[in-house]
Amino acid sequence: MNITLAIIKPDAVERRKMGSILARLEEEGFRVRGARLTRLNEALAGEFYAVHRERPFYESLKAFMTSGPVLVLALERDDAVARLRAVIGATDPAEAEAGTIRALYAENKERNAIHASDSEETAARELSFFFATGELIAVG
Ligand code: CMP
């Protein structure tokens, strides 16, 4: 079992898709070990996405991610990082496999409904933005 981070993004929260997405994640075998409805500020969004600092979409991405509430989730299952990436689909919903969360709920490449950590190392880094290790709920 390992844990990864998902963020249900402002576009999906605004369109009241939080529940549908969370239900899908539970159906896919993920257990919620931590959850927080929050709103990112500019500094946190900038640091979270620092790897994209030089990309042309960085400023727009920060503006979008701070535009409204997000639901941050610590999700556990076996092979959590890869399984979550598979369930959410490609960054661009036009390229996402049918039935994936982004194919179902994303608007476009930026407003793409959900974020998921892309490696175990990234998951550890990204989880630490939102959850203290001891804060995550142990489930049996
Ligand atoms: P995410 O998985 O959160 O990781 C980085 C985010 O940047 C990505 O989802 C999109 O929201 C956004 N992004 C990636 N590529 C582009 C792009 N070409 N144009 C606009 N936004 C993008």
Side-chain angles (χ1 to χ4, degrees):
M1 290 291 176
N2 57 8
I3 301 182
T4 189
L5 183 92
I7 303 178
I8 300 180
K9 296 187 178 184
D11 58 322
V13 174
E14 170 61 24
R15 284 182 293 115
R16 303 183 195 190
K17 297 302 180 190
M18 256 194 308
S20 304
I21 293 172
L22 189 51
R24 173 66 183 280
L25 294 171
E26 290 195 301
E27 281 159 18
E28 296 285 347
F30 292 93
R31 284 187 186 275
V32 178
R33 295 271 312 258
R36 180 176 303 148
L37 186 69
T38 186
R39 185 166 178 167
L40 307 187
N41 62 31
E42 169 93 15
L44 183 62
E47 206 184 328
F48 187 86
Y49 280 121
V51 67
H52 297 304
R53 196 177 282 133
E54 306 302 327
R55 309 288 283 271
F57 57 81
Y58 181 63
E59 292 301 324
S60 173
L61 175 61
K62 279 193 297 180
F64 164 52
M65 288 301 292
T66 57
S67 67
V70 295
L71 182 66
V72 182
L73 299 166
L75 298 172
E76 182 181 64
R77 65 155 293 164
D78 60 296
D79 203 15
V81 169
R83 298 302 290 258
L84 185 60
R85 300 283 293 182
V87 162
I88 75 173
T91 304
D92 185 346
E95 292 165 14
E97 210 174 300
T100 58
I101 290 173
R102 283 170 170 162
L104 290 167
Y105 301 114
E107 290 175 32
N108 56 47
K109 203 168 188 173
E110 177 174 89
R111 298 172 66 84
N112 63 354
I114 187 166
H115 167 83
S117 307
D118 65 5
S119 69
E120 306 247 338
E121 300 71 53
T122 311
R125 172 182 178 270
E126 293 184 350
L127 284 161
S128 74
F129 276 85
F130 302 103
F131 301 106
T133 312
E135 187 188 351
L136 297 178
I137 308 297
V139 272

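In listed order, ligands and their atoms are each counted from 1. What you are looking at is a predicted structure, and each value in this text was computed from that prediction instead of being measured. Below, each value reflects all heavy atoms present in this structure, side chains not excepted, and no hydrogens, waters or symmetry copies.
Ring orientation note: the planes of His115 and Tyr49 are nearly perpendicular, at an angle over 60° on the 30°/60° scale.
Glu107 CD: more than 12 foreign heavy atoms inside a 6.0 Å radius. Other residues, nucleotides and ligands contribute only 12 or fewer heavy atoms inside 6.0 Å of the CD atom of Glu14. Enclosure of atom CZ in Arg53 is not indicated, since only 12 or fewer non-hydrogen atoms of other residues, nucleotides or ligands lie within 6.0 angstrom.
Per-residue contacts place His52 under 4.0 angstrom from the following atoms of ligand 1 (heavy atoms of the residue considered): 5 (C). Set against the non-hydrogen atoms of Lys9, the atoms of ligand 1 under 4.0 Å away are 1 (P), 3 (O), 8 (C), 9 (O), 10 (C), 11 (O). Those atoms of ligand 1 with a heavy atom of His115 less than 4.0 angstrom away are 1 (P), 2 (O), 3 (O), 4 (O).
For atom 10 (C) of ligand 1, the closest non-hydrogen atom on the protein side is Lys109 O, 3.2 Å. Here the protein heavy atom with the shortest distance to atom 17 (C) of ligand 1 is Phe57 CD2, 3.4 Å. Among all protein heavy atoms, the one lying closest to atom 2 (O) of ligand 1 is Arg102 NH2, 3.0 Å. For atom 3 (O) of ligand 1, the nearest protein heavy atom (residue, atom name, distance) is Tyr49 OH, 2.5 Å.
Looking at Glu28 and Arg24, a side-chain N of the basic residue comes within less than 4.0 Å of a carboxylate O on the acidic one, giving a salt bridge.
Judged by the 6.0 Å and 45° rule, Arg15 forms no cation-pi pair with Tyr105.
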